[in-house]
Structure formats: C-alpha cells, structure tokens
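Quick caveat, the model's predicted, so the values are computed rather than measured.
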Amino acid sequence: MAKRPTSQEFLVLDDSALLRQCELDTFRSSGPGGQKRNKTSSGVRLRHQLTGVIVTAVEDRSQHVNKARAIRRLRAAIALTVRHPLDDSYQPSELLRSCMNSQAHLIVGRRDERYPLAVAELLDVLAAAGVKLSEAAKIVGIPTSHLVSFIENDPKLWQCVNQLRTAAGLKPLR
C-alpha cells in the first residue's frame, strides 16, 4: 500500500515545486480595472493535483501578483484540509517549537512562512486528540487558553476547527 502524502510534504516545497504539482488556469477577471482587465487573463486558478485543493486569485490586474497570492492561498488551504495521523510517540516538531516563545505561547503570524506548517501540525494534533483543545494543548505543551486565542485569530482556522468539532460530535467554539 502506498504511503499517503502529508500536508508537510507539500508545504515545505518552494513555490516553483509546489506550482509544478498544480494545474494552472488563467482567465479574464470580472469587475473594475479598466480596459486592461477586460483584455488580459489576469485571474489565476490553481488545482493541486495530489490533494484536489482549488484556489483562485483575481484581485490584481497583474497575473504575476495573482499567481503569488494563489500560491499563498494554496499553502493555507492545504494546511487546513490535508490531515496526517500522528502516532503515540509524537513530539512537537522543531518548526513548531521555533514558533513558541519562552512562555510556551505560539508567536507565529499569518504572514510568516512557517505559519501554514504550524497550522497543519496543530490541526494534526487536534485530530489525534479527538478535537479536544485541552488534550491538544497538553500534547503540544501550551496553555489551552493560548491555543484557543491562536485559533481565534484566524477566521479560516476557527471555521476549520469548528467543522472538525461538529463532525466529532462536539460543540463548536464560540
């Protein structure tokens, strides 16, 4: 049986390697932007072939800017959707430990390139802990309240955790 790829395997790739795993579509975006927007294919859609994750970017008149945005969104989407089961010997990775300060608080922001990897690992831990925040916080070695604050600071992460909790028969976070 073939080994199932993990989110970390995709997220550690540089942009060009990740882009090679995708189908790239360009299209004409709608909305304001003048004649240039109506004549050029500046919208970008990426389909990650190994995970099925699809993202788009249409905000800018430049295809290059939209492609860079789409790659960032793809990393975030992979981190939120691709889970990797953990074994009993799990210890927080060096990357996750580098995202914590001396008080064991997560200090990685959404613009940090380590953020998607940290989110993917935290969600893997949450899934292994039955989506129970106190259990996951104990496994990672951070206060439960700080884990909740970290999740709360990212609306997509908050939504993802609530979907996981609902699927596990637990009450959503408020």
Is there a path of hydrophobic side-chain contacts, each under 4.5 Å between heavy atoms of I, L, V, M, F, W or Y residues, that connects V119 with I151?
yes
State, yes or no, whether a side-chain contact exists between [X] and [Y] at a heavy-atom distance under 4.5 Å.
{"X": "R28", "Y": "S41", "result": "yes"}
{"X": "L19", "Y": "L13", "result": "no"}
{"X": "T51", "Y": "Q21", "result": "no"}
{"X": "W158", "Y": "Q163", "result": "no"}
{"X": "T26", "Y": "S42", "result": "no"}

Do [X] and [Y] have a side chain donor and acceptor closer than 3.5 Å?
{"X": "H146", "Y": "S149", "answer": "no"}
{"X": "E121", "Y": "S93", "answer": "yes"}
{"X": "D124", "Y": "Y90", "answer": "no"}

Is the count of non-hydrogen atoms from other residues, nucleotides or ligands lying under 6.0 Å from D88 atom CG greater than 12?
no
Separation between CZ of F27 and CZ of R45, rounded to the nearest 0.5 Å
4.5 Å
Under 3.5 Å, which donor-acceptor pairs link side chains of residues 130-137 to any protein atom two or more places apart or in another chain?
none

Taking only distance into account, with no hydrogens and no angle test, what donor-acceptor pairs under 3.5 Å do side-chain atoms of residues 101-112 form with protein atoms, sequence neighbours excluded?
unit_1 : atom_1 : unit_2 : atom_2 : d
N101   : OD1    : Q103   : N      : 3.0
N101   : OD1    : A104   : N      : 3.3
N101   : OD1    : H105   : N      : 3.0
N101   : ND2    : Q103   : OE1    : 3.4
R110   : NH2    : N153   : O      : 3.1
D112   : OD1    : R114   : N      : 2.8
D112   : OD1    : R114   : NE     : 3.2
D112   : OD2    : R114   : NE     : 3.3
D112   : OD2    : R114   : NH2    : 2.8

For A167, side-chain contact (heavy atoms from CB on, under 4.5 Å) partners two or more places apart
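A167: no side-chain contact (heavy atoms from CB on, under 4.5 Å) contacts found.
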For the pair R73 and E59, find out whether any cationic side-chain nitrogen is under 4.0 Å from an anionic carboxylate oxygen.
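Looking at E59 together with R73, the answer is yes, because their closest N to O distance falls below 4.0 Å.
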Under a 4.0 Å N-O cut-off, is there an ion pair linking D15 with K67?
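Here D15 does not pair with K67 in a salt bridge, since their nearest N and O are not under 4.0 Å apart.
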